[in-house]
2 protein chains.
Amino acid sequence: MVQKPAPDSTRRSEKSRRAIYDAALALVGEVGYTKTTIEGIAARAGVGKQTIYRWWPSKAEVLLEAFLDLSEQFAEAAAPEEQAEYGIPDTGDLAADLKNVLRLTVDELLDPRFEAPSRALTAEGVVNEQFGAQVIARLLEPQLQLYVRRLEAAQETGEVRPDIDPRIALELFVAPLAQRWIQRTGPITYAYTDTLVDYALGGLAPR
Amino acid sequence: MVQKPAPDSTRRSEKSRRAIYDAALALVGEVGYTKTTIEGIAARAGVGKQTIYRWWPSKAEVLLEAFLDLSEQFAEAAAPEEQAEYGIPDTGDLAADLKNVLRLTVDELLDPRFEAPSRALTAEGVVNEQFGAQVIARLLEPQLQLYVRRLEAAQETGEVRPDIDPRIALELFVAPLAQRWIQRTGPITYAYTDTLVDYALGGLAPR
DNA sequence: TTGACGAGACGGTGCGTATCGTTTCGCGTA
DNA sequence: TACGCGAAACGATACGCACCGTCTCGTCAA
């Protein structure tokens with residue numbers, strides 16, 4: 001394996017990096033993932049394309065970092081400064097807490113700034129296993145862990161049966177919403193996610 | 001809108017059509033969706049590429065028809081001849097019936113002949129709304145309708161609460177399995193799908 | 001002084017279209 | 001039923017174009 005001499009990241013141009021992020025996100029939104037090209041990103045960012053190839057291996061990775069950066073900006077705007085809030089709030093009412101987080105997710109899924117890049121990253125991950133693992137690890141898994149913790153807390157208070165696997169339980173809420181979004185197989189609304197929580201906690205069979 | 005003179009489908013070469021399906025499926029399996037090209041499919045099929053462009057608008061549509069054709073072959077092999085069986089069996093035990101169908105779905109998801117093309121079609125649909133609608137309508141929706149019918153039958157026998165929306169209820173089984181497969185976020189086993197059915201029917205909260 | 005930078009040249013590949021003969025098939029006639 | 005004609009699909013391949021990923025300039029900033 002021949003390794004390129006690693007570029008010196010201390011000398012990296014922050015301005016170019018930001019311009020590349022902006023250009024990548026804009027292009028994916030405007031012309032779609034398939035039609036955005038590295039040459040196009042470079043031209044739009046006012047950057048030599050070698051600068052992109054120096055720091056990223058593919059357009060998918062450019063977009064992933066651009067998206068992570070965008071997400072960070074939004075997170076800081078929502079929960080300002082260092083006192084960022086982590087975890088799903090625990091008011092003692094599991095159903096209400098879950099409905100609240102899912103409503104936030106609905107908002108995000110409907111935000112046009114997120115739509116195109118999210119779809120691009122998802123699509124690339126479906127077909128490219130290595131990249132998919134990265135998307136899961138850096139984007140999705142941290143979110144899922146929040147559900148696991150909240151459900152474990154609910155098991156201690158008796159709101160969820162102790163024999164339930166939280167890792168599977170969370171999928172009953174999250175996966176249907178994800179599928180509706182991915183496959184466009186139904187409307188994405190608060191009413192829908194509220195219903196999901198009710199069905200999953202209460203079960204489909206009569207009590 | 002200028003419309004090309006539509007080709008005469010009665011004169012279409014059946015041999016070329018089959019060769020193109022085979023080549024497309026083989027290439028997607030061997031080199032991946034991104035790297036399969038129309039020129040590659042044509043060369044492998046021993047066909048002029050104009051023959052592909054004459055009948056299909058994109059490589060995604062070629063693959064969709066190839067996959068539908070493949071699915072038909074399998075369906076005929078499983079339920080031979082004209083007496084094809086439709087619908088989810090109704091033994092009166094909803095949980096058992098659902099577990100059985102989901103096990104069949106697990107088998108299909110793990111079949112290497114299906115994996116690569118399914119992922120390709122899914123990925124393309126995520127990013128290309130028009131194409132996604134086609135995949136849903138021709139591939140997914142017919143399957144989902146079977147669940148709706150079986151759940152409605154279960155409502156009549158009292159196995160499912162009458163106020164439940166079957167369209168949403170089915171997502172509690174199907175979507176988690178789909179997400180695990182799409183995102184590779186956990187193992188796909190009979191034990192897993194069995195658990196999904198138990199959780200969804202019984203609910204997460206104590207009874 | 002050194003290495004990232006913007007710019008752009010380079011050969012290579014696949015795109016989608018156009019245009020070769022060639023082959024196949026439907027249809028009218030013997 | 002057998003034959004022959006014409007039209008259209010066929011395999012092959014050339015075309016211009018866009019983008020790929022690499023390489024090499026001269027410039028500029030740390």
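Letters A, B, ... are given to chains in the order of the sequence lines, protein chains preceding strands, and every chain is numbered from 1.
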Chi angles and distances behind the salt bridge (charged side-chain N to carboxylate O under 4.0 Å, His left out) call for R161(A), D163(A): CA-CA 6 Å; R161(A) 300 206 309 267; D163(A) 59 308; 3.6 Å; yes
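Counting non-hydrogen atoms under 4.0 angstrom, G40(B) reaches nothing in the nucleic acid. T10(A) comes within 4.0 angstrom of no nucleic acid atom, judged by non-hydrogen atoms across all strands.
Inspection of the Y190(B) and D107(B) side chains reveals an N or O donor paired with an N or O acceptor under 3.5 Å.
Along DNA chain C, the nucleotide nearest E39(A) and the nucleotide nearest G48(A) are compared for position; the residue whose nucleotide lies closer to the 5' end is G48(A). Between K15(B) and E14(A), the residue whose closest nucleotide on DNA chain C is further toward the 5' end is E14(A).
Residue Q130(A) qualifies as open at atom CD: its count of foreign heavy atoms under 6.0 Å is 12 or below.
Looking at R184(A), its side chain never comes within 3.5 Å of a backbone N or O of Q179(A) through a donor-acceptor pair. Not one N or O on the side chain of R113(B) forms a donor-acceptor pair closer than 3.5 Å with the backbone of L25(B).
Interface remark: the K49(A) side chain does not form any donor-acceptor pair with the dG6(C) base, using a distance-only criterion of under 3.5 Å. Judged by distance alone with a 3.5 Å cut-off, no donor-acceptor contact links the side chain of Q50(A) to the base of dA4(C). The base of dA4(C) does not come close enough to the side chain of R12(A) for any donor and acceptor atom to sit less than 3.5 Å apart.
Distances from the side chain of I38(B) to the nucleotides dG3(C), dC15(C), dA8(D) place dC15(C) closest. Nearest nucleotide to the R11(B) side chain, out of dT2(C), dG21(D), dA7(D): dA7(D).
Taking 4.0 angstrom as the limit, W56(A) places none of its side-chain polar atoms (N or O) nearer than this to OP1 or OP2 of dG21(D). A close approach under 4.0 Å does not occur between any side-chain nitrogen or oxygen of S13(A) and OP1 or OP2 of dA4(C). Note on W55(B): a side-chain N or O is less than 4.0 Å away from OP1 or OP2 of dC10(D). Proximity of S16(B) to the phosphate of dA9(D): no side-chain N or O atom is located under 4.0 Å from OP1 or OP2. In this structure, T51(A) reaches the dG6(C) phosphate: one of its side-chain N or O atoms is under 4.0 Å from OP1 or OP2.
What separates CZ of R17(B) from P of dC10(D) is a distance of 11 Å, to the nearest Å. Taking atom CG of residue D8(B) and atom C1' of nucleotide dA7(D), one finds them 10 Å apart after rounding to whole Å. Computed from coordinates, the I52(B) CD1 to dA18(C) P distance equals 18 Å when rounded to whole Å. Rounded to an integer number of Å, the gap from CD1 of I41(B) to P of dC15(C) is 8 Å. Whole-Å rounding puts the R54(A) CZ to dA4(C) P distance at 6 Å.
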